[in-house]
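Data first, discussion second: the structure below is written as structure tokens.
Here is the naming used below: chain letters follow the sequence lines, and residue numbers restart at 1 for every chain.
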Amino acid sequence: MADTPEPTKQHLYLVDGSSYIFRAYHRLPPLTDPEGTPVGAVYGYTTMLWKLAADLDEADGPTHLAVILDAGSISFRNDIYEHYKANRPDPPEDLVPQFPLIRDATRAFSLPCIEEAGLEADDLIASYAREAQRMGWNVTIVSSDKDLMQLVGEADGPDGPARIDMLDTMKNQRIYLPEVAEKFGVTPDLVGDVLALMGDSVDNVPGIFGIGPKTASKLIAEYGSLTAALDSAPAMKPSKLKERLIEGRADAELSKVLVTLKEDCDLPQPIAEMKLGPVPPEPLAAFLEKHGFTSLLKRLGAGNGSPARKTDLNPPKADKAGDNGTGDGSANRQPPPEMPHVDHTAYETVQTIERLEHWIARARAARLVAVDTETTSLDAMRADLVGVSLALGPNDACYIPLAHGGDDMFAQKPEQVDKAAALAALKPLLEDDSVLKVFQNGKYDCNVLAREGMAVAPIDDTMVISFALDAGRGEEGMGGSGIGGHGMDELSQRHLGHTPIAFKDVCGTGKKAISFGEVPLDRATRYAAEDADITLRLYQTLKPRLAEEGGTRIYERVDRPLIPVVATMEREGIRVNRARLARLSEEFAVEIRRLEGQIHELAGQEFTVGSPKQLGEILFDKLGYKGGKKGKSGQYSTDVSVLERLATEGAPMARKVLEWRQLAKLKSTYTDALQAAINPATGRVHTSYSLVGAQTGRLSSTDPNLQNIPVRTPIGRQIREAFVPEDGNVLLAADYSQIELRLAAHMANVDTLKQAFANGEDIHARTAREMFGEVTRDTRARAKTINFAILYGISRWGLAGRLEVTSDEAQDMIDTYFQRFPGIQRYIHETLETVRAKGYSETLFGRKTWFPRINSKNQAERQGSERAAINAPIQGTSADIIKRAMARMLPALAEAGLDDVRMLLQVHDELVFELPEARVEAATPIIRRVMAEAALPAVELTVPLGVDIGTGASWDAAH
DNA sequence: ACGATCACG
DNA sequence: GACGTACGTGATCGTA
């Protein structure tokens, strides 16, 4: 900054090389260099160094810089505690050869690289940081290791305060006191105490068992230190926590020693030698050349100089040498062309109709515009439109507020274009056939805009593109959100190296959350325009990959056409009979209370029946039933299989609990929740389908989930009776019969099974005949189990458990199956070979599912991936087929003049329609044909696809 | 926030 | 030598 006092303060950057490389490895695609050496992590590391070196001259950039590495896996901490870091898995195979390359890369930049046997990088960093601080320098630690957060803060130096902060280059985030407080709830000097209580499973620091981050922060904040907390334990009121603190004291004290950084190491190299200057280009060029980092090489050449001279590297525009080249998700690809950094100040707030017309005209001319809507709710059927943002190029984006300032008619509202006028102006653009609208999760925006009277088309969707390219590649533990690693924040992080403004930072969370319409326009613009900006950047990054990586077929022919179809289904919704649900709720409540009384009586005490923990203790400890098995959580298992067994062994309580559970489930999950889900405006229930929720390509359904409405028991089926058509209409349910087994027969080319399907046989009976020689209730049921086991990737023990036979007998059955149905074994083998080699499986229509853990050294993990990989092509092909049917269905019906047939629901192999009773006869053959022929012409199956159709006055009756 | 449980294909 | 055993989902509850 111009007003920075001279001379500039010295600023030491300490790069935690070891931790960076691990994170870069997991975040970046598996690039290889021309010789086939894996270099993805090294590439990430190199771009980061580049950027840091280029920041010399920046206001807060480095004047001095060093990379600190771990010398080995053993440190002085192992003398204190032999298990320290003992549960670290070996690094992945393709990361190992990259470790030495880190030193090469650092040397190529002519930067000092420091390591010391017996010391961890953290200790060296701590010692250097403190020394620099004593000299009055500022220090930035480039790492996200939480242990290092202990160092953050200011100390008095010889000429004013000297500050230590951290920089997380993967998240592009500075870490200072507020960030530490947010993570640990305490000041940095107490971070070690928190860590000592909570432990660290990655480093195998024990902590105190049963105390996690939340409890640890609370205790330390409350008592002021670890010692004080431990000392206060005996005086606490009796509780689990008190016991744990007393029993775990030694563990905590040991942990404290382990997490405390050694700040007085001898410094292997003087700090003065870390001065950052122009980087000599020759060694760097040689390194970049050797590993095929051509885009960096080009940048080096074009800049005609070193990365340490920022001005040499960059075009005149505000284009810093970028952290946006941190990977693009595919092997052996060039990083995308450079994009300028996201610049929030470049965005325009559109507040007049003239400026709006200007943007619309530019969008028309560009023929491509990224669009994002801001609303009051995540539920597209209840959301009110608050504003729209548009992006035409990087940093070339605007936000058009439409309803900021709340509902209060008299409140002072910010200047904004009249909503009706703005929408009228936008409508022709959004409906223009010749202008492509790009969204991130466009189904949502299209539904919101549809409710404003707009049929937005054509559209592209970066989330759906990402799914076509990278299903299964997302981070672990992303399930549940329904977007499986394809959300905007993850994509931006992964492909652009940029962390967008978080919604919660704009609107807050919990009770203090405000609606987007309450957000001041400047902040709203930064957030909203950034979303459109990023969507456009993602599109430019991801779209080219479709063609390069064979994703076009699945995206253009299956997933993309489905977006408006599913959007329409969501808007249709389905009618439910509220009174009927309410009556069921009441009946269930009565029965639940009755059962609860009986259960308490049998237990001889009151307890929470819904608590598996308490129930287990009652059954196995108090009542003394045998065979209680505790899982890894130390709890008895009380699931159906356990309770069924107890019931047959004569435990009356078990049967009662099973009934209680069934009713409690039906009431809370269905009869109560469905009533609450009825949309007051439409009187119907509108689920939300995720197009990217299931890695195999299936849809998933949330809010509410209408894909798991009970059907298997008579009592549960009563809930289906509450799903009804409008007066004069009927519901029609059409489902594929045994589609996955049929596909398995085709894909594994099993003649016996194919013939059985061609002849319309009962496939489980046929299997029973082949395997056991005769068809009885029992053999058919066993055959059915075995058929499913095959689809899911069989193991002798798994089958043995289900059939209640020994694992030897199960093995015999598996052998027999493979013998009677040759082809299955070969299919399994070949599928696994391909997945191991390529990393992904493919459906008949070319949908990829990635299995990053298929070659894991962890056997359980690997075998899990293997089973999933056997199933994915079958489940995924089935999903492709019904999706193709859905995309064709309404046009086919309309062509026959049946435009009053509404498609409402999809349940994996079933479609549910609502139509006038008089249309059933005409619609049935069309629906059957579209579904049965959905694979054609792309794939000619060697088995017929059977479709069962029924109609009725409720979903239950339609089956 | 997470595990246990259970609803579906 | 031990591990832990069927694929894919989402909602609810109790516990922490």
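For A/R867 and C/dG8, a side-chain-to-base donor-acceptor distance below 3.5 Å is absent, hydrogens and geometry of angles not being considered. At a cut-off of 3.5 angstrom, the base of C/dC3 holds at least one donor-acceptor pair with the side chain of A/Q859. At a cut-off of 3.5 angstrom, the base of C/dG14 holds no donor-acceptor pair with the side chain of A/Q614.
The side-chain hydrogen bond (donor to acceptor under 3.5 Å, both in side chains) search around A/N858 returns none, not counting sequence neighbours. For the side-chain hydrogen bond (donor to acceptor under 3.5 Å, both in side chains) test, no residue two or more places apart in sequence or in another chain qualifies with A/R884. Residues satisfying the ring pair (Phe, Tyr, Trp, His ring centres under 6.0 Å) test with A/Y827, not counting sequence neighbours, are none. Remark: A/Y625 engages no residue in a ring pair (Phe, Tyr, Trp, His ring centres under 6.0 Å) (not counting sequence neighbours). Residues passing the side-chain hydrogen bond (donor to acceptor under 3.5 Å, both in side chains) test with A/Q718, sequence neighbours excluded: none. With sequence neighbours excluded, the residues that form a ring pair (Phe, Tyr, Trp, His ring centres under 6.0 Å) with A/W850 are A/Y840.
Both A/Y792 and A/A860 lie close to DNA chain C; mapped to their nearest nucleotides by heavy-atom distance, the more 5′-ward contact belongs to A/A860.
Checked options A/T843, A/T877, A/I824; the residue passing with A/M747 is A/T877 (criterion: side chain to side chain contact (heavy atoms under 4.5 Å, CB included)).
Of the candidate nucleotides C/dA6, B/dA7, C/dG4, C/dA6 has the atom nearest to the side chain of A/T785. In the set C/dT12, C/dA16, C/dT9, C/dT12 carries the atom at the smallest distance from any side-chain atom of A/S668. With C/dG8, B/dT5, C/dG14 as the candidates, the nucleotide lying closest to the side chain of A/T608 is C/dG14. Closest to the side chain of A/N705, from the set C/dC7, B/dT5, C/dA11, is C/dA11. Nearest nucleotide to the A/A789 side chain, out of C/dG8, C/dA6, B/dT5: C/dA6.
Atom CG of A/D703 is separated from atom P of B/dA7 by 20 Å (rounded to the nearest Å). Separating the CD1 atom of A/I794 from the C1' atom of C/dG4 is a distance of 16 Å, rounded to the nearest angstrom.
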Base-pair string, DNA chain C, Watson-Crick plus G-U, cut-off 3.5 Å on both distances, | for inter-strand, is ......|||||||||.
Could you give the side-chain donor-acceptor pairs of residues 671-679 of chain A under 3.5 Å, partners two or more places apart or in another chain?
residue: A/T671; atom: OG1; partner: A/S585; partner atom: OG; Å: 2.9
residue: A/T671; atom: OG1; partner: A/K667; partner atom: O; Å: 3.2
residue: A/D672; atom: OD1; partner: A/S585; partner atom: OG; Å: 2.6
residue: A/D672; atom: OD2; partner: A/K667; partner atom: NZ; Å: 3.0
residue: A/Q675; atom: NE2; partner: A/T671; partner atom: O; Å: 3.0
residue: A/N679; atom: OD1; partner: A/A681; partner atom: N; Å: 2.7
residue: A/N679; atom: OD1; partner: A/T682; partner atom: N; Å: 3.4
residue: A/N679; atom: ND2; partner: A/M381; partner atom: O; Å: 3.3

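Of the residues in residues 801-813 of chain A, A/R802 come within less than 4.0 Å of DNA chain C through at least one heavy atom, sorted by number.
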